[in-house]
Amino acid sequence: MTRRRRIYEGKAKVLFEGPEPGTLVQYFKDDATAFNNQKKGVITGKGVLNNRISEYLMVRLGEMGIPTHFVRRLNMREQLVREVEIIPIEVVCRNVAAGSLSKRFGIAEGTQLPRSILEFYYKSDELGDPMVTEEHITAFGWADTQDMDDMISMTLRINDYLSGLFLGIGLKLVDFKVEYGRLWEDEQMRIVLADEISPDNCRLWDSKTNEKLDKDRFRQDLGKVEEAYQEVARRLGILPEGGPADVSGPKVMQ
Ligand code: TMP
């Protein structure tokens, strides 16, 4: 296997230099963290499943007109993506109360929100990703008002599309987090969806039983974490060939 230069290592993924200029290889690890790195673990096969799930969702979103960094999946754990300058903002969209929103406002988990709510967090491990407003984002120059408009409208479209897609396979999209990046083409800049969309950064509940099928199973020690990720892939019709036994794939590269 050819050795590629490592550009960046995050908590769940590694970015390597891509085969041609302007591309990167995004490698999905099995590592899982929660609560800003205080809880650490390994979810066997997660990287393989998230690579597939994120590929599937990015392709579907691309088809309905959301520009993304995704180019193609390369193998079990890697995908080729366009190199973008990540905007250091996590955009969270919520449909149903859960997680930090339930805690902050004392709203019972599972309460339908009156409308979809967007929140912004500044990406900083040292600061624990503090929640910020559009005022902070524009005043500190992390994004300008046009970038914000683009990110907001894309996130709402993603929410509508993914809510429907998941509902069709018996899953409720409770909330999710997305990240965007700046892509330059012929002196022109546009904002594209980046990072990944997977059960690591979505809350997905079974629409009949409200069973959690996402990373909350790891965060809250609910057990059957691998099975939950597999179930999402199974319902999307993309469980790797060979079934669950096939998901551990190649080991993490050193
Ligand atoms: P929260 O309720 O903990 O704020 O999470 C909201 C959504 O964002 C949930 O789907 C999980 C996702 N998320 C991330 O992807 N990364 C993070 O660092 C956090 C805190 C949440």
Side-chain angles (χ1 to χ4, degrees), residues 8-13 26 28-41 43 46-47 49-51 53-54 57-58 61 68-69 86-113 115-133 142 151-152 154-156 158-163 165-167 171-181 193-207 210-222 225 228-229 231-232:
Y8 175 80
E9 175 145 13
K11 287 176 278 202
K13 295 188 292 296
Q26 184 165 256
F28 288 74
K29 301 191 276 187
D30 283 349
D31 299 358
T33 66
F35 315 118
N36 200 25
N37 236 344
Q38 290 175 53
K39 182 181 170 86
K40 290 189 172 94
I43 303 173
K46 172 173 83 85
L49 291 164
N50 281 358
N51 187 21
I53 294 170
S54 197
L57 298 177
M58 290 269 179
L61 288 167
T68 82
H69 73 158
I86 289 286
I87 295 172
I89 300 297
E90 300 194 339
V91 183
V92 168
C93 180
R94 303 178 186 271
N95 301 307
V96 172
S100 67
L101 179 127
S102 287
K103 202 167 160 203
R104 189 176 318 116
F105 299 109
I107 302 175
E109 205 171 71
T111 309
Q112 183 72 40
L113 296 171
R115 62 179 175 84
S116 302
I117 295 176
L118 292 188
E119 295 172 347
F120 309 103
Y121 294 85
Y122 175 53
K123 270 168 71 72
S124 162
D125 284 343
E126 302 85 76
L127 300 173
D129 296 351
M131 190 194 245
V132 292
T133 67
W142 297 319
M151 290 194 288
I152 291 168
M154 279 196 260
T155 306
L156 292 173
I158 292 168
N159 184 43
D160 282 348
Y161 182 80
L162 292 186
S163 293
L165 183 148
F166 283 122
L167 201 60
L171 292 171
K172 198 189 291 179
L173 181 61
V174 169
D175 56 32
F176 64 94
K177 182 271 292 182
V178 280
E179 296 183 23
Y180 293 93
L193 179 65
D195 191 52
E196 69 175 289
I197 305 187
S198 72
D200 266 13
N201 38 49
C202 296
R203 284 198 173 91
L204 294 166
W205 296 357
D206 181 274
S207 28
N210 281 346
E211 186 191 4
K212 293 177 178 174
L213 293 169
D214 56 58
K215 196 173 153 192
D216 269 352
R217 300 203 72 85
F218 168 76
R219 295 189 188 96
Q220 300 171 1
D221 295 317
L222 299 176
V225 187
Y229 283 68
E231 178 61 13
V232 173

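Start at 1 and go down the list; that is how both ligands and their atoms are numbered.
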Participant: For atom 20 (C) of ligand 1, is some protein heavy-atom partner under 4.0 Å away?
Facilitator: no

Participant: Report the part of Arg94 in contact with ligand 1, treating N, CA, C, O as backbone and CB onward as side chain, heavy atoms under 4.0 Å; options are side chain, backbone, both, neither.
Facilitator: side chain

Participant: Is the closest heavy atom of Glu179 to ligand 1 under 4.0 Å?
Facilitator: no

Participant: From the options Asp175, Ile197, Asn37, Asp125, select the one whose nearest heavy atom is closest to atom 7 (C) of ligand 1.
Facilitator: Asp175

Participant: Once you restrict to heavy atoms under 4.0 Å, what part of Arg219 touches ligand 1? Side chain, backbone, both or neither.
Facilitator: side chain

Participant: What protein heavy atom lies closest to atom 17 (C) of ligand 1? Include the residue and the distance to one decimal.
Facilitator: Glu90 OE1, 3.9 Å

Participant: What protein heavy atom sits nearest atom 5 (O) of ligand 1, and how far away is it?
Facilitator: Arg203 NH1, 3.5 Å

Participant: Taking the side chain as C-beta and beyond, is there a heavy-atom pair between Leu156 and Leu118 under 4.5 Å?
Facilitator: yes

Participant: Are the side chains of Lys212 and Arg219 in contact, using a 4.5 Å heavy-atom criterion?
Facilitator: no

Participant: If only side-chain N and O atoms count, and only distance matters, is there a donor-acceptor pair under 3.5 Å linking Ser100 with Arg94?
Facilitator: yes

Participant: What's the separation between atom CH2 in Trp142 and atom CD1 in Ile89, rounded to the nearest 0.5 Å?
Facilitator: 6.0 Å

Participant: Got a sec, which residues hit salt bridge (charged side-chain N to carboxylate O under 4.0 Å, His left out) with Asp200, two or more places apart in sequence or on another chain?
Facilitator: Lys46

Participant: Got the closest protein heavy atom to atom 8 (O) of ligand 1, with its distance?
Facilitator: Lys177 CB, 3.5 Å

Participant: State the atoms of ligand 1, each with its element, that fall below the 4.0 Å cut-off from a heavy-atom position in Phe176.
Facilitator: 10 (O)

Participant: If you measure from each heavy atom of Glu119 to ligand 1, is any distance below 4.0 Å?
Facilitator: no

Participant: Looking only at non-hydrogen atoms, which of Ala98, Ser100, Gly99 approaches atom 1 (P) of ligand 1 most closely?
Facilitator: Ser100

Participant: Of all residues at least two apart in sequence or in a different chain, which pass the side-chain hydrogen bond (donor to acceptor under 3.5 Å, both in side chains) check with Asn201?
Facilitator: none

Participant: Looking only at side-chain N and O atoms, does Asp129 offer a donor or acceptor that is under 3.5 Å from a partner on Asn36?
Facilitator: no

Participant: Pairing donors with acceptors under 3.5 angstrom, does anything connect the side chains of Thr155 and Tyr180?
Facilitator: yes

